[in-house]
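Presented below is the structure to which this report refers.
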2 protein chains.
Amino acid sequence: MSQAKTAEPRPYHHGDLRRALVDAARRLLEAEGPSALSLRAVAREAGVSPAAPYHHFKDKSELLDAVAHEGWETLNAQMAEAKARDTGPHQLTGLGIAYVCFARENPALYRVMYDMVREKEALPLDVQGDNDSAYCMVRDTMVEHGADPGAETHLELATIAAWCGAHGLAEMAGFKQFEHLKEELGGERAFLDAVLSHMGLFTAKHGAC
Amino acid sequence: MSQAKTAEPRPYHHGDLRRALVDAARRLLEAEGPSALSLRAVAREAGVSPAAPYHHFKDKSELLDAVAHEGWETLNAQMAEAKARDTGPHQLTGLGIAYVCFARENPALYRVMYDMVREKEALPLDVQGDNDSAYCMVRDTMVEHGADPGAETHLELATIAAWCGAHGLAEMAGFKQFEHLKEELGGERAFLDAVLSHMGLFTAKHGAC
DNA sequence: CAAGATATCTGTACAGCGCTTAGATATGAA
DNA sequence: TTCATATCTAAGCGCTGTACAGATATCTTG
């Protein structure tokens with residue numbers, strides 16, 4: 001491509017309202033939670049009129065899509081980092097911990113991410129393709145030194161099972177019923193480690209969050 | 001108690017508007033999905049004014065609580081039924097299947113149920129108490145003939161791990177990426193069976209949905 | 001049966017929401 | 001300089017959750 005005609009539209013008035021809107025949304029999300037994420041509130045936070053966002057996003061859900069997309073990118077990056085940090089046999093555990101820790105540290109963002117996933121009924125990145133999505137990272141790590149390569153083990157199914165467990169734990173780790181367990185085990189991190197190891201698909205204990 | 005003073009409030013005008021509202025909500029939920037569940041729409045469906053529900057529910061979320069509560073009761077009943085149907089070594093698998101099947105057959109209701117759970121940050125029924133909640137049922141079944149009673153097995157953690165896996169699968173089983181797997185395995189039911197069995201905590205395959 | 005207390009429901013209203021439309025304004029191209 | 005176009009504002013529609021005043025039906029008490 002040439003330089004800056006078809007590549008980037010480069011807005012005029014605001015500089016980059018699209019960017020500013022996504023940032024404002026993330027700021028609101030962290031400060032006030034997912035229920036405060038109205039289009040009008042985002043526009044207010046960004047200092048523009050309520051109708052301005054419609055020149056950059058088809059509707060509200062498209063804005064949330066953009067926020068969620070950045071969330072998935074961050075999650076992918078953090079999991080890649082965890083994988084690079086530990087190349088030993090506990091890599092899978094490290095990935096699981098990284099996943100759950102991200103969700104626990106960014107609960108509002110994780111909720112927006114999964115709201116979008118539920119609406120689309122699909123994980124955000126192509127599972128088939130050999131891209132570097134988190135899902136494929138888990139699957140590949142499973143091949144390298146995953147669970148026992150028994151006769152009945154189906155790679156894709158094992159990956160799905162692991163993903164389901166990690167997602168379930170990510171959503172439920174904060175439940176009040178489990179607080180006594182966290183104390184018993186010595187903190188939330190130990191609790192996450194313990195539950196993941198009981199899932200069988202994340203084999204040993206580790207330290208990577 | 002005597003007859004009808006402290007027992008049931010028995011409303012006057014409508015007969016039992018509270019009941020009618022919950023039923024209307026469930027009807028709307030099944031017909032139009034969770035996004036159509038506005039308080040006004042429920043009141044419309046029940047044939048009363050928009051303000052009428054406020055004499056029976058503090059606010060909208062309390063109405064949804066009631067709907068979700070009935071959902072959990074139904075789920076508990078279906079799991080108890082599954083447990084009674086098969087008293088053999090595959091009881092745990094039957095419970096897992098019953099859980100996921102309920103969620104898959106009542107997706108909108110399951111969403112309302114878990115929205116409430118996420119908001120309260122707690123499972124709906126007391127996990128500690130020895131009541132007959134689904135959670136306790138899973139735990140007890142695990143004791144009776146669950147996974148291997150190895151040295152490192154912590155009953156509560158194993159139950160949580162199983163619950164996380166089942167919830168994850170319940171939310172993700174419908175994802176488009178998994179359709180080719182369902183075909184490969186011969187239907188969604190076989191897919192659910194296979195993923196659950198890969199979780200390790202639900203041991204063998206079974207037939208109970 | 002009469003009458004007052006109370007629970008239930010209606011009508012109306014308000015602020016906030018997502019979104020649309022028409023018009024103003026700033027920018028890039030001719 | 002002029003025009004086309006991209007960007008933003010102002011105003012408004014129908015919807016939402018919720019509050020309040022008043023009407024009405026039922027229960028309770030005499």
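Protein chains get the first letters and strands the later ones, always in sequence-line order, with residue 1 at the start of each.
Side-chain proximity of A/Lys60 to the nucleotides C/dC9, D/dT16, C/dG18 is greatest for C/dG18.
Look at A/Lys60 and A/Glu119 and you find no salt bridge, because none of the NZ, NE, NH1 or NH2 atoms lies under 4.0 Å from a carboxylate O.
For the pair A/Lys58 and A/Ala36, nearest-nucleotide mapping onto DNA chain C gives the more 5' position to A/Ala36.
Listed by residue number, the members of residues 39-55 of chain A with any heavy atom below 4.0 angstrom from DNA chain D are A/Arg40, A/Val48, A/Ser49, A/Ala51, A/Ala52, A/His55. Within residues 21-33 of chain B, no residue approaches DNA chain D, by heavy-atom distance under 4.0 Å.
B/Leu192 contributes atom CG, which lies 12.5 Å from atom OG1 of B/Thr93 (distance to the nearest 0.5 angstrom).
Straight-line distance from the CD atom of B/Glu62 to the C1' atom of D/dT18: 14 Å, rounded to whole Å. Rounded to an integer number of Å, the gap from A/Leu37 CG to C/dC17 P is 11 Å. Atom CZ of A/Phe57 and atom C1' of D/dA6 are 16 Å apart (whole Å).
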Cut-off 3.5 Å, no hydrogens considered: what does the side-chain donor-acceptor table look like for residues 29-40 of chain B, sequence neighbours left out?
residue	atom	partner	partner atom	Å
B/Ser38	OG	B/Ala41	N	3.0

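Judged as a salt bridge (charged side-chain N to carboxylate O under 4.0 Å, His left out), the pairs with a partner in residues 62-80 of chain B (not counting sequence neighbours) are, in order, B/Arg19-B/Glu70, B/Arg26-B/Glu70, B/Asp65-B/Lys120.
In this structure, a donor-acceptor pair under 3.5 Å is absent between the side chains of A/His180 and B/Glu156.
The aromatic rings of B/Tyr99 and B/Trp163 sit perpendicular, their planes meeting at an angle over 60°, well past the 30° parallel limit.
Regarding contacts with the backbone of C/dA7, every side-chain N or O of B/His56 stays at 4.0 angstrom or more from both OP1 and OP2.
Remark: B/Thr87 pairs with no residue by the side-chain hydrogen bond (donor to acceptor under 3.5 Å, both in side chains) rule, at least two apart or across chains. Scored by the side-chain contact (heavy atoms from CB on, under 4.5 Å) test, B/Ala24 finds B/Arg27, B/Val42, B/Glu45, B/Ala46 as partners (sequence neighbours excluded).
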